[in-house]
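Report on one structure; see the data block that follows.
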Amino acid sequence: MSDSVILRSVKKFGEENHAFESDGSNNNDKKPRSQEKKKGEEFQVGFFELFRFSSSTDNWLMFVGSLCAMLHGMAQPGILIIFGIMIDIFIEYDIERQELAIPGKACINNTIVWINNSFNQNVTNGTPCGLLDIEGEIMTYSGIYAGIGAIVLLLGYIQIKFWVIAGARQTRKMRKIYFQRIMRMEIGWFDCTSVGELNSRFSDDINKINEAIADQMALFIQRMMTALSGFVIGFYRGWKLTLVIISVSPLIGIGAAIIGLSVAKFTEFELKAYAKAGSVAEEVISSMRTVAAFGGENKEIERYEKNLVYAQRWGIRKGMVMGFFTGYMWCLIFLCYALAFWYGSSLVLDEEEYTPGTLVQIFLCVIVAAINFGHASSSLEVFATGRSAASSIFQTIDRQPVIDCMSEDGYKLDRIKGEIEFHNVTFRYPSRPDVKILNNLNMVIKPGEMTALVGSSGSGKSTALQLIQRFYDPCEGMVTLDGHDIRSLNTRWLRDQIGVVEQEPVLFSTTIAENIRYGRVEATMEDIVQAAKEANAYNFIMALPQQFDTLVGEGGGHMSGGQKQRVAIARALIRNPKILLLDMATSALDNESEARVQGALNKIQHEHTIVSVAHRLSTVRAADVIIGMEHGVAVERGTHEELLERKGVYFMLVTLQSQGDEPQKEKDVKEKDATEGGTLERTFIRGSYRESLRASIRQRSKSQLSNLTHDPPLAVADHKSTYEDSKDKDEEVEPAPVRRILKFNAPEWHYMLVGAVSASVNGAVTPIYCFIFSQILGIFSFTDKEEQRSEIYNMCLFFVILGCVSVFTQFLQGYTFAKSGELLTKRLRKFGFKAMLGQDIGWFDDLRNNPGVLTTRLATDASQVQGAAGSQVGMMVNSFTNIATAILIAFIFSWKLSLLVLCFFPFLAFSGALQTKMLTGFASQDKQALEKAGQITSEALGNIRTIAGIGVEKRFIKAFEAELETSYRTAVKKANVYGLCFAFSQAVSYFASSSAYRYGGYLIAEEGLHFSYVFRTASSVMMSATAVGRTFSYTPSFAKAKISAARFFQLLDRKPPINVYSGAGEKWDNFQGKIDFIDCKFTYPSRPDIQVLNGLSVSVDPGQTLAFVGSSGCGKSTSIQLLERFYDPDQGKVMIDGHDSTKVNIQFLRSNIGIVSQEPVLFDCSILENIKYGDNTRDISMERVVAAAKQAQLHDFVMSLPEKYETNVGSQGSQLSRGEKQRIAIARAIVRDPKILLLDEATSALDTESEKTVQIALDKAREGRTCIVIAHRLSTIQNSDIIAVMSQGVVIEKGTHEELMAQKGAYYKLVSTGAPLS
């Protein structure tokens, strides 16, 4: 019985693993996906529509591939016919041999006669004899076996190769078209579609389609053909027996299908359950500094562990269901055998309709057909997944963009003046159609003038700029350029006339020169240098080691805000645009840079039409015309002086900005103008354009969260190379010893013991089955019919017993190992998470440890370790007993034949494993090839506004298509290798049978071996080999498990230099809050070549306020991080109350420090929980929370919300405006009741009104505490006790505001002119 068929369900498990790996990373996109599904449901993709991108070549490849698959499918039933004929020959030969063995019988004239004197010589019972040349017959048939094997080798290779290549060609085309389509979509479409979702479409969804249209099709056709021809042969040779067996086979098919489906389903549930825990982990790890600062480690570990229990439950259920149904299937199969032989033997013996050979033929054909039918049905699920994945992709491909940036339609004007006018424009964002942003807006922007738009947050200023670029079309009214409605103009041409500088400029991860060249493709190096000079960026670029060839890092992550801004301005200027749109273009600069950039802009202002949105008065005053906006309407227009007299919107903004400098009013007005803007970013009405922009920025900055507070100085180290090196290092982990893994699993030893015993019973089942089967064949050659009948019934009974035992032991094996494996996974995840949270902050700065990588590691690595502990142990025991029993049986009955068949053992066992390995290797190589393409897509989609604004969609499409070529090439290489492996694994059993029967025939003829022994020996070794192969392929690979475990142990064994969990270190009772920095030198571990602090010395007494000022990158934030002990200084000391900070207990130190940073991190839970987070050591009463909220000016706002303190703040606090988040962060710091309060740019991100409220809250919070403030804005720091001016990591002067103004040094310059501080 060639049972290698079962091998085909190998693919399931490999797939699941990939599903597992990829899903961990996109947990956060799950919600939108499910909504998409609802939308997609009306749009069903028919199965054949999946092939809509096939060319004639592809059709031809698929046709030939299908033809080969069909022929290949017929081979197996065909070989069974040969098998049946051989059995008849053997039985005939054996009966003849038995007859002749009776003394007194001989073969004369080809009949058997008695040679007995008492009888007449002619009396005979006439059995023919001597006609059978047994060896010759067997030679013929074993030759046929070998021939079919050779044909299968060829067909299998062609079928897989052709289908895989056809699939790869179509997917490549699909990816190209899909990306082109997406890059043509209008911005409004991107507002409603998340970038993460699109990225996962590119990788996962298209891969799913590929799975449905490539090798799965070939296998499906082959299996269906096997099933069909099996049934046909069965009915043709004997319909009665066929019907009896068929009556049972649906049950077997159902069992096979249920296993396939339930594994997929349960894995999906397990993933969903883990997704919750995964999002907790992602959130916590990406906000690591906040967690550390507030000592929330243990709280987070508990929250994570709570969520792990659900995933564990599903995993155990999966094991139970699998165990039960595997047992159920084996049981059914054995009962079916019993039934078939019981009924079949009566047909052979009583009615003499069949020969024994026919019986075996029919029986095996139908069983093989049923098994293949079951396997074919597993492909149906792949097809269904492919179809559902295609629906969203095809929908996008078929969608016509509302504003097509690549179309040639529309006018191109010969020359333009640059006059822009809004006529009654009303506008709502497509993502939020219920909110009116612009309301009948009318305004004129004159050519050659600089027009400034001012107004409070959400008044529609940025929206107006987007309409000028035609990112959106107005809902009513129109925008005209020189009198032409811009909808009638060519979009591409229109955007070429416009230069844009965004508030949060987007740079692409390439060199500075390339980034500037994005503005104009054909720009020369001279143009680039000129533009850089105009944007005041030339000096800082030339100061970098690699100058214009410096890589800016992902999203410009290696540059400070001001540097990015200037490169973006250079990029806009190189276009030499007629219209220049500046959206808060100088907000991220300190005074000195701002003054320079402003100068650069003033120089060019009369050659262009400039529209500028700004908050800083200095920026606004330079404008020729100022337009005040409110609630989407332009309410006033005029110059600075005219508007001040009108006392309208503009006047309000100005007065709000310049209050708070009563004492030295006159002197300060100038500085106020220059500085009040700080790094203004507005509090937007939730969800407005900024929000969608910010969402995309947030996705980018996830990777940069490690730089949360410090402005990173330029890391010139090539970011790519450090990343790639780190990748290699990562892979070179020594695999973990199994002993250590099992030690982790020790508490479950009793489960594992029971499992191992069950597994050993299960292992013995296959060889025992072979034994019974061959025994039955032997019984047919008995001469006494009654004896035949009773022996056959005994054997049938034996089958029934085997079946019942199987159900029980398989279930036990499945359940016990699932239980021990899942408990191990949970334990590892918890320990791993705990170890991650215990690492020092420097460890998180390392690119290899970004939040995405770490959360994926928790998700996949932990579950892969099961491969070395849980079920893997069962598989090992199973295989071991299987081989041992089989070889024992084989050698007892014929050692010579056993030796021959054993030669094929490794091929039979490992061809299956090899095929699986090829498949998984196939997937991972594909994944790597697509990773580069994935970087391109995620960069393109994340920065789509910038790309659309400067019109470089085509460049990205080209780059993307170039990357696809490499992935296609690997696919073609793979098609060959995979085709060969597949064909070999299919053909090898034919070759093995061929040689076994050839030699067996010889042994029967020459050495009188009984024919049933030949079958027994050959089949038990071959079946145990394929069974072993199956176990190999079923387990997630052992090696992978050991490497995953090693990564975990590496993490658990790492001793962080700053250990959070240790109780060691000094504590003292009356914590005062005196701080001294003594000659601190420091470099960030991730950038050891850049000295950040260079001998910082400054001290502050309890209750005083110290303010740090200085240009970005001078080490202000770094000093705060040393105080929190996120890092320790390389040299020098930080003293707290006279104790060296490195000797103080960390938890104690941090519990006395409260911090409010520039971008406060909130957790995805209620406002109440976020405030309580301030003190994780004890439970905080509601009264204390309310008191803190009142102090932070937050209470009234919270009470105005429908759910009050239970309001959820959304992921990363996205449901709140900046000011509200900032005040929650302040309340959180106050609840802690710290002795030391750190304010890092705590108000810079707010507009003037929010800033006032927050500033009052901060002043209240500072009372009676030591406070360190970092700020760009002078109003924030004027009344500090000490102001320390920093430059290049040292304090260059310190004193009070008055003292420093009197010194007329750096501080004075900074205040009055914004002069450089270097």
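In what follows, residues are counted from 1 in the order of the sequence shown. The figures that follow rest on heavy atoms only: side chains count, while hydrogens, waters and symmetry mates do not.
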- Trace of the side chain to side chain contact (heavy atoms under 4.5 Å, CB included) decision for Gln312 with Arg829: CA-CA 11 Å; Gln312 172 197 332; Arg829 277 179 179 156; over 6 Å; no
- Message: Test salt bridge (Lys or Arg N to Asp or Glu O under 4.0 Å) on Glu302 and Lys299; report intermediate values, then the result.
- Response: CA-CA 5 Å; Glu302 266 168 50; Lys299 194 174 183 174; over 6 Å; no
- Message: The test is side chain to side chain contact (heavy atoms under 4.5 Å, CB included); show your working for Gln1121 and Arg289 and say whether it passes.
- Response: CA-CA 9 Å; Gln1121 304 202 44; Arg289 284 165 203 268; 2.2 Å; yes
- Mind running side chain to side chain contact (heavy atoms under 4.5 Å, CB included) on Met1286 and Leu1093 for me, showing each step along the way? CA-CA 10 Å; Met1286 287 182 72; Leu1093 294 183; 4.1 Å; yes
- Task: List the steps and the verdict of side chain to side chain contact (heavy atoms under 4.5 Å, CB included) for Lys1235 and Asn1070.
- Result: CA-CA 10 Å; Lys1235 286 286 184 289; Asn1070 54 342; over 6 Å; no
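Residues Met836 and Met288 fail the side-chain proximity criterion, which asks for heavy atoms closer than 4.5 Å. Taking the side chain as every heavy atom from C-beta outward, Asp1101 and Gln1072 never approach each other to under 4.5 Å. Side-chain contact between Trp843 and Leu1051: present, with at least one pair of heavy atoms (C-beta onward) separated by less than 4.5 Å. Looking at Lys830 and Ile301, their side chains come closer than 4.5 Å, going by heavy atoms from C-beta outward. For the pair Ile1136/Leu1123, a side-chain contact is recorded, criterion being any heavy-atom separation below 4.5 Å from C-beta on. Counting heavy atoms from C-beta outward, Lys826 and Glu305 have side chains that approach closer than 4.5 Å. At least one side-chain heavy atom of Tyr1173 sits under 4.5 Å from a side-chain heavy atom of Val291. In this structure, the side chains of Ile1075 and Gln1104 stay at 4.5 Å or more apart for every pair of heavy atoms.
In this structure, Lys1074 does not pair ionically with Asp1137, as no charged nitrogen and carboxylate oxygen lie closer than 4.0 Å.
A pairwise comparison of heavy atoms in Val1092 and Tyr1084 identifies CG2-CD1, 3.7 Å as the closest pair. Pairing each heavy atom of Val1156 with each of Ala1229, the nearest pair is CG2-CB, 3.9 Å. For Gln839 against Pro1056, the heavy-atom pair with the smallest separation is OE1-CB, 3.7 Å. Nearest approach of Leu1052 to Ala835, heavy atoms of both residues: CD2-CB, 3.7 Å. Closest heavy-atom contact between Pro1129 and Phe1082: CA-CD1, 4.2 Å. Between Val284 and Leu837 the shortest heavy-atom distance is CG1-CD2, 3.6 Å.
Between the CD1 atom in Ile1236 and the CD1 atom in Ile1153 there is a gap of 4.5 Å [rounded to 0.5 Å]. Interatomic distance, OG of Ser1141 versus CG of Asp1076, reported as 11.0 Å (0.5 Å rounding). Annotation: the span from Lys1143 atom NZ to Met1135 atom CE amounts to 8.0 Å, rounded to 0.5 Å. Considering CZ of Phe1077 and CG of Leu1106, their distance stands at 8.0 Å, rounded to 0.5 Å. Atoms OG1 and CG, from Thr1142 and Asp1128 in turn, are 6.0 Å apart once rounded to the nearest 0.5 Å. Considering CD1 of Ile1230 and CZ of Arg1265, their distance stands at 6.5 Å, rounded to 0.5 Å.
Counted by atom type alone, Tyr1127 and Thr1118 present zero donor-acceptor pairs between their side chains at under 3.5 Å.
Residue Tyr310 places its OH atom among 12 or fewer non-hydrogen atoms of other residues, nucleotides or ligands, all under 6.0 Å distant.
For the pair Arg1228 (side chain) and Asn1170 (backbone), a donor-acceptor distance under 3.5 Å is absent. The main-chain N or O of Arg1150 is never found under 3.5 Å from a side-chain atom of Arg1125 such that the two would form a donor-acceptor pair.
In this view, Phe833 and Tyr304 satisfy the ring pair (Phe, Tyr, Trp, His ring centres under 6.0 Å) rule, not counting sequence neighbours.
Ring geometry for Trp1068 against Phe1071 counts as parallel: the plane angle stays under 30°, on a 0 to 90° scale with 60° as the upper cut.
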